[in-house]
Amino acid sequence: MSYRPRVPSPDRRSVLRGSIAASAALTLPVVGASAPAFALSGRPRAAWGVQVGDVTSSSALVWVRSDRPARMVVETSATESFRRARTWQGPLLGPGSDFTGTTPLYGLPPGEQVHYRVTLLDPQDPRRSGKPVHGTFRTAPARRRDGVRFLWSGDIAGQGWGINPDISGYVVYDEMRRLDPDFFLCSGDNIYADGVIEPSVTLPDGRVWRNVTTEEKSKVAETLAEYRGNFRYNLLDRNLREFNAQVPSIVQWDDHEVRNNWYPGQILDDARYTEKDVDVLAARSTRAFREYFPVSTPHGPAGEDRMHRVVRHGPLLDVFVLDMRSFRNANSPGRQADDTTGILGAEQLRWLKHELSRSRAVWKVIAADMPLGLVVPDGATDFEAVAQGDPGAPLGRELQIAELLRFIKHRRITGTVWLTADVHYTSAQHYAPERAAFKDFAPFWEFVSGPLAAGQFPANALDATFGPDRVFVRAPDRANVSPMESPQYFGQVDIDGDSGELTVRLRAQGGAVLFSKVLRPGRVGQ
């Protein structure tokens, strides 16, 4: 198997030690404070760490948050000494963006380690600068033989399980960081805006789970400030900040960034909310999401920023980041015989077909924020995902997925793999037409992982419309099992540079590989 070296070089180890030490030395803002203090003395501080997102072979996005108005400046270099560094002038960070900002980097060398540091300057006196915060990342390779490794998971701080200092917080991030991936794909539910974090929770065995708490996590999020506070909450965890300093991300969203099982146009019947229009809530969350993650937001046909996009990671891999939330129709029993909106919306489906047909990558990972063949209920009669429990011909949202799968087969698009999270357990499903009611598609795999820091739930039923076979599953037998009672789950994908083979490993926190599958390149169906 041919990969780039996965053990960090001595230079990389030392720069990480420096960034981690700097991160530890910075005292975070007082827990519960919703905005920076406007101190007249002192220097700007980047206590929330740094992040890098949507890395390609020549570009990346660098993120930071200040504790006061500041000018963001990024320096990049091939070495930790920052000799011959390149300087990038970033934006002015102020209250309009909650003191966050992103600086795009272009013209980077492909397949190389990039060291960077972010400095915050006092806009009134640029000579007064904060302590630089360091990070590092690899650009995507230009050569196929270099190989690729990435991780994926989702579902963070859900069901009341937040940052627990008794177990050192989100320690799974430290384990993932040590695997040295090229990037991390977060498949949605980055926050639980509708989930309250209580100071303590008593477990079934009598032990007590303790949470770090904040004002914004004491109620459901409704205001922009409350959504911003939900995104800040996870950055209180040192493991996550250290992970962000080393591992770039590709981030998508799902329902809990706004509210459980939401869809456009929904009017809430929930006494916890004073704002009942979910579109208003979604707009506020969208703004906070884009403020707190370094994500590229291409413009849609109407000029709006959109979540769905393609991140091209060299000749071996394209990642198609779906938005199965913003354009869906209302949750329903899903038995309609004609459905052009579906779960993606008509425009996003056209976009996905076009981008899949023009992709020249060996592997085309379809990053879905919801599974295809797993039945996810929404109440007694409605359904939240694609499947609706009817094993016959496609109906409702299944019609749109059937159209997509038919397109992939007839265009002979090779190397499609579906990755998702959402259901709070880990599994592998193989879809094949010989088992299906709908047969006009090529076989494919769907892999599920998560949660990363949330409650675990029993496995969902399968819908036979597309012929899924659950080859592997690891799930509890009761609902909302805490991270103290069961390990968290994440997935690992390695693409070999010589053979082009793609290996998926479903992993449990603690080092165990629960399941692995090797897929060969160049096939329409696996």
Side-chain angles (χ1 to χ4, degrees), residues 1-6 9 52-61 76 78 104-114 136-152 179-185 187 247-252 294-296 298 308-322 351-368 407-409 411-419 442 444-445 447 491-505 516-526:
M1 302 288 279
S2 175
Y3 304 103
R4 281 175 285 173
R6 294 299 169 191
S9 66
V52 170
D54 288 8
V55 172
T56 71
S57 59
S58 62
S59 65
L61 300 171
T76 62
L105 311 181
Y106 297 105
L108 301 175
E112 297 292 338
Q113 197 71 37
V114 177
T136 185
F137 63 93
R138 277 188 296 272
T139 51
R143 305 173 303 178
R144 169 174 165 157
R145 67 175 181 266
D146 284 336
V148 177
R149 168 177 292 174
F150 70 93
L151 308 178
W152 95 93
L179 289 171
D180 194 27
D182 293 300
F183 65 89
F184 172 65
L185 167 64
S187 301
V247 182
S249 60
I250 298 176
V251 185
Q252 65 187 146
V295 294
S296 56
H308 57 283
R309 61 200 188 277
V310 184
V311 180
R312 305 194 187 281
H313 201 85
L316 286 172
L317 176 65
D318 282 347
V319 181
F320 299 83
V321 184
L322 302 188
W351 164 84
L352 181 56
K353 287 179 177 179
H354 174 73
E355 293 296 341
L356 283 170
S357 63
R358 67 189 290 263
S359 173
R360 297 297 175 262
V362 176
W363 293 100
K364 302 158 189 71
V365 165
I366 302 177
F407 177 85
I408 290 171
K409 174 188 174 183
R411 289 296 184 97
R412 299 192 62 80
I413 296 171
T414 62
T416 58
V417 180
W418 293 72
L419 301 182
F444 66 94
W445 283 87
F447 299 97
Q492 175 181 333
V493 177
D494 290 291
I495 306 177
D496 179 57
D498 292 331
S499 68
E501 291 182 342
L502 181 147
T503 302
V504 178
R505 295 176 176 88
S516 64
K517 178 66 182 179
V518 178
L519 305 180
R520 293 184 177 181
R523 297 186 177 185
V524 177
Q526 291 286 337

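Worth saying up front: this structure is predicted, and the values here are computed from it rather than measured. For this chain, numbers begin at 1 and follow the sequence in order.
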*Do Val55 and Phe183 have side-chain heavy atoms sitting under 4.5 Å apart?*
no
*Closest heavy-atom pair and its distance - Phe150, Pro181*: CA-CB, 4.0 Å
*Got a donor-acceptor contact below 3.5 angstrom from the Ser57 side chain to the Pro141 backbone?*
no
_Backbone N/O of Val310 and side chain of Glu355: donor-acceptor pair under 3.5 Å_ = no
*Show your working on side chain to side chain contact (heavy atoms under 4.5 Å, CB included) between Val321 and His308 and close with a plain yes or no.*
CA-CA 5 Å; Val321 184; His308 57 283; 5.9 Å; no
*To the nearest 0.5 angstrom, please state how far the CG atom of Leu356 sits from the CG atom of Asp318.*
9.0 Å
*Within the side chain of Asp54, is there an N or O that forms a donor-acceptor pair under 3.5 Å with the backbone of Ser296?*
yes
*Can you name the nearest heavy-atom pair linking Val52 to Pro294, along with the distance?*
C-CG, 3.7 Å
*Exercise: identify the closest heavy-atom pair between Pro521 and Val362*: CB-CG1, 3.5 Å
*Over all heavy atoms of both residues, which pair between Gly111 and Thr139 is shortest? Give the atoms and the distance, please.*
N-OG1, 2.9 Å
_Non-hydrogen side-chain atoms of Leu419 and Val493 separated by less than 4.5 Å_ = yes
*At their closest point, which heavy atom of Lys353 faces which heavy atom of Phe407, and how far apart are they?*
O-CE2, 3.4 Å
*Salt bridge check: are Asp180 and Arg138 linked by an N-O gap of less than 4.0 Å?*
yes
_Verdict with reasoning, Leu322 to Ile366, per side chain to side chain contact (heavy atoms under 4.5 Å, CB included)_ = CA-CA 7 Å; Leu322 302 188; Ile366 302 177; 3.6 Å; yes
*Determine the minimum heavy-atom distance between Arg143 and Pro315, stating which atoms define it.*
C-CG, 3.8 Å
*About how many Å separate NE2 of His313 and CG of Leu185, when rounded to the nearest 0.5 Å?*
12.0 Å
*Mind checking the CZ-CG spacing from Arg144 to Asp496? Nearest 0.5 Å is all I need.*
8.5 Å
*Check the angle between the aromatic planes of Phe447 and Trp152 and answer parallel, tilted or perpendicular using the 30° and 60° thresholds.*
perpendicular
*Show your working on side chain to side chain contact (heavy atoms under 4.5 Å, CB included) between Thr414 and Lys364 and close with a plain yes or no.*
CA-CA 8 Å; Thr414 62; Lys364 302 158 189 71; 3.9 Å; yes
*For the pair Phe320 and Trp351, name the ring-plane relationship: parallel under 30°, tilted 30 to 60°, perpendicular over 60°.*
perpendicular
*Output the distance between atom OG (Ser359) and atom CZ (Arg312), rounded to the nearest 0.5 Å.*
6.0 Å
*asked:* Taking Lys409's backbone N and O only, do any of them form a donor-acceptor pair with Arg411's side chain (distance below 3.5 Å, no angle check)?
replied: no
_Chi angles and distances behind the salt bridge (Lys or Arg N to Asp or Glu O under 4.0 Å) call for Asp182, Arg149_ = CA-CA 6 Å; Asp182 293 300; Arg149 168 177 292 174; over 6 Å; no
*Within the side chain of Ser249, is there an N or O that forms a donor-acceptor pair under 3.5 Å with the backbone of Val251?*
no
*Please test Ile495 against Trp363 for side chain to side chain contact (heavy atoms under 4.5 Å, CB included), starting from the C-alpha separation and ending with a verdict.*
CA-CA 9 Å; Ile495 306 177; Trp363 293 100; 3.7 Å; yes
_Return the OG1 to CG distance between Thr503 and Leu519, rounded to the nearest 0.5 Å._
7.5 Å
